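First the structure, in the form of structure tokens, and then the observations on it.
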Amino acid sequence: MKRKLFRLCSLALAIFIVATCFTSCKNDPEPETTTLASTTAAQTTLGETAAPGTGDTTVSNTAETSSVSGTVAGASTGTATTAPTVNTTAPPAGESKTPSEILAIYTEVLTKAKNEKPAHKKYEYQEIPGDEANRVFYEGKSYSSALLGLVDSLDLITPKEEAMGNPEVKDKGNDMRWFPMYKTTVACALSDAGKIKEAKYEPQSDGNVKLTIVLNDEENAQPMAENATTSPSATGGMFAPLDLSEVDSTLTGNALVTALIKDVKYNLLYHDCTATLVFNPATKQIVSLEQIMVVKITGSAKAMVLFPVNLMQQLYNTTKWFDFTY
């Protein structure tokens with residue numbers, strides 16, 4: 001099934017980076033899937049390489065801290081925003097596990113599903129909130145705000161209601177290369193628990209267990225290459241971040257885009273990316289998996305050659321796999 005292709009004319013002015021990111025991550029031929037974090041970023045020009053960013057955080061259940069870095073294509077600074085909260089409760093006594101143990105269980109359960117190819121359903125949707133915590137115009141608001149409606153009018157994102165009301169149905173024996181990362185043979189390539197900000201192990205009243213893993217912040221994280229078994233970034237080892245080369249290609253390779261915007265600089269900060277896995281501990285079979293990717297885009301450009309635009313926009317991408325039948 002081919003994924004939705006966006007109309008590139010929506011890349012005008014203020015929304016140029018937001019739409020570009022959605023375009024880039026929806027150019028692969030599979031389910032209608034796309035990707036969607038807080039630190040400051042060093043500024044570079046499109047096409048240059050910058051020093052990777054860091055995101056030092058304390059790992060739950062340990063005294064360990066870690067720095068995560070990724071490859072960068074271009075950058076601009078932005079302000080920190082409040083991350084979505086994870087609804088978790090402390091596990092019962094005797095059930096506490098370390099981040100390393102939780103990561104190992106997560107990998108085992110997902111690997112089993114990837115190998116056994118159970119039937120399941122999936123939906124995915126995107127959100128680009130317009131409140132001041134998620135969208136800031138540093139320059140060019142008067143030139144830009146009128147065009148923000150293009151996101152809705154040109155069907156740039158999949159709304160939550162539409163996605164949940166029309167999930168994809170995968171038959172048993174389906175191609176699991178798109179689960180949960182794109183076109184990979186492994187279910188989780190992250191092995192370093194030091195990249196984890198928070199990990200929870202929560203037995204449920206029905207006998208299932210809920211695992212919650214929140215990763216450290218990471219700038220310009222890159223996805224895994226097709227059929228790869230290792231990831232160039234921590235985020236890419238568990239999620240499917242945007243391929244920066246595709247973003248760059250869209251920004252520089254489309255005549256309409258290059259006619260409307262010049263001197264593009266951008267930075268993608270993935271933060272509080274959260275995976276929530278519910279599974280049967282006796283059978284190691286998945287009940288559901290939800291991944292929420294949050295990316296803070298900071299970017300600047302000159303619109304129509306003359307007018308400066310400088311903005312921060314948060315993107316949220318939610319993917320859920322459920323109704324598994326082994």
Side-chain angles (χ1 to χ4, degrees), residues 1-3 28-36 86-89 91 95 97 101-126 158-191 196 199-215 223-224 227 229 231 235-240 273-293 316-326:
M1 177 169 53
K2 291 186 177 181
R3 298 159 74 194
D28 288 316
E30 223 278 323
E32 295 191 27
T33 323
T34 179
T35 56
L36 285 171
V86 179
N87 182 19
T88 60
T89 56
E95 292 291 349
K97 295 186 182 298
E101 291 173 323
I102 292 172
L103 179 59
I105 295 170
Y106 177 91
T107 302
E108 179 186 5
V109 173
L110 265 64
T111 299
K112 175 182 172 68
K114 201 169 183 74
N115 291 335
E116 296 185 1
K117 307 181 187 303
H120 63 278
K121 296 178 182 177
K122 171 189 173 183
Y123 63 72
E124 183 169 11
Y125 61 88
Q126 301 81 41
T158 303
K160 179 178 180 178
E161 295 75 13
E162 177 183 327
M164 295 180 68
N166 187 32
E168 300 173 32
V169 178
K170 302 291 187 180
D171 295 330
K172 186 174 175 59
N174 70 93
D175 183 1
M176 296 288 281
R177 287 205 316 148
W178 297 81
F179 171 83
M181 296 91 75
Y182 298 162
K183 297 182 287 187
T184 62
T185 58
V186 296
C188 179
L190 181 64
S191 58
I196 295 175
K200 299 286 187 180
Y201 181 95
E202 303 174 87
Q204 305 294 291
S205 60
D206 59 4
N208 293 323
V209 170
K210 181 169 75 171
L211 301 184
T212 304
I213 297 176
V214 184
L215 297 187
M224 292 180 63
N227 296 324
T229 57
S231 174
T235 305
M238 185 175 286
F239 299 85
C273 294
T274 302
T276 304
L277 171 67
V278 180
F279 70 100
N280 183 319
T283 63
K284 299 296 176 65
Q285 293 182 348
I286 296 179
V287 176
S288 66
L289 171 65
E290 181 180 67
Q291 290 192 341
I292 301 176
M293 290 185 60
Y316 298 81
N317 191 92
T318 299
T319 309
K320 186 168 184 176
W321 296 263
F322 59 102
D323 283 358
F324 282 83
T325 303
Y326 283 78

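It should be emphasised that the depicted structure is a prediction, and the values quoted were computed from it without experimental measurement.
- D323 pairs in a salt bridge (Lys or Arg N to Asp or Glu O under 4.0 Å) with only one of the listed residues (K121, K122, K172), which is K121.
- Rounding to the nearest 0.5 angstrom, the gap separating the OG1 atom in T212 from the OH atom in Y201 is 12.5 Å.
- The CD1 atom of I105 sits 6.0 Å away from atom CG of L211, with the distance rounded to the nearest 0.5 Å.
- Atom CG in L110 sits 4.5 Å away from atom CD1 in I286 (nearest 0.5 Å).
- The side-chain heavy atoms of T319 and P180, taken from C-beta on, include no pair separated by under 4.5 Å.
- For the atom pair Y123 OH and E161 CD, the distance stands at 11.0 Å (nearest 0.5 Å).
- Between M164 and P167, the shortest heavy-atom distance links the atoms O-CD, 3.6 Å.
- Residue G207 comes nearest to P281 through the heavy atom pair O-CD, 3.3 Å, listed as atom of the first residue, atom of the second, then distance.
- Of all the heavy atoms in T184 and M224, the pair that sits closest is CG2-CB, 3.9 Å.
- G237 approaches S231 most closely through the heavy-atom pair N-OG, 3.1 Å.
- Minimum interatomic distance between A187 and K114 (heavy atoms only, all atoms of both residues): N-CD, 3.6 Å.
- At least one side-chain heavy atom of T276 sits less than 4.5 Å from a side-chain heavy atom of K210.
- A 4.5 Å side-chain heavy-atom check between M181 and P223 finds every atom pair outside the cut-off.
- Under the side chain to side chain donor-acceptor pair (under 3.5 Å) criterion, N227 pairs with R177, not counting sequence neighbours.
- Between Y106 and F279, a ring centre-to-centre spacing not shorter than 6.0 Å is recorded.
- Applying the ring-ring contact (aromatic ring centres under 6.0 Å, His included) test to Y326 and every residue at least two apart in sequence or in another chain returns nothing.
- If you take CG on N166 and OG1 on T158, they are separated by 10.0 Å, rounding to the nearest 0.5 Å.
- Contacts of N174 classified as side-chain contact (heavy atoms from CB on, under 4.5 Å), with partners at least two apart in sequence or in another chain: H120, K170, M176.
- Atom NZ of K117 has more than 12 heavy atoms from other residues, nucleotides or ligands within 6.0 Å.
- E124 places none of its side-chain heavy atoms less than 4.5 Å from the side chain of E168.
- Nearest heavy-atom pair across M293 and T235 is CE-CG2, 4.5 Å.
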task: Test side chain to side chain contact (heavy atoms under 4.5 Å, CB included) on I196 and L215 and set out the steps.
output: CA-CA 4 Å; I196 295 175; L215 297 187; 4.1 Å; yes
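- If you take NZ on K183 and CG on D175, they are separated by 11.5 Å, rounding to the nearest 0.5 Å.
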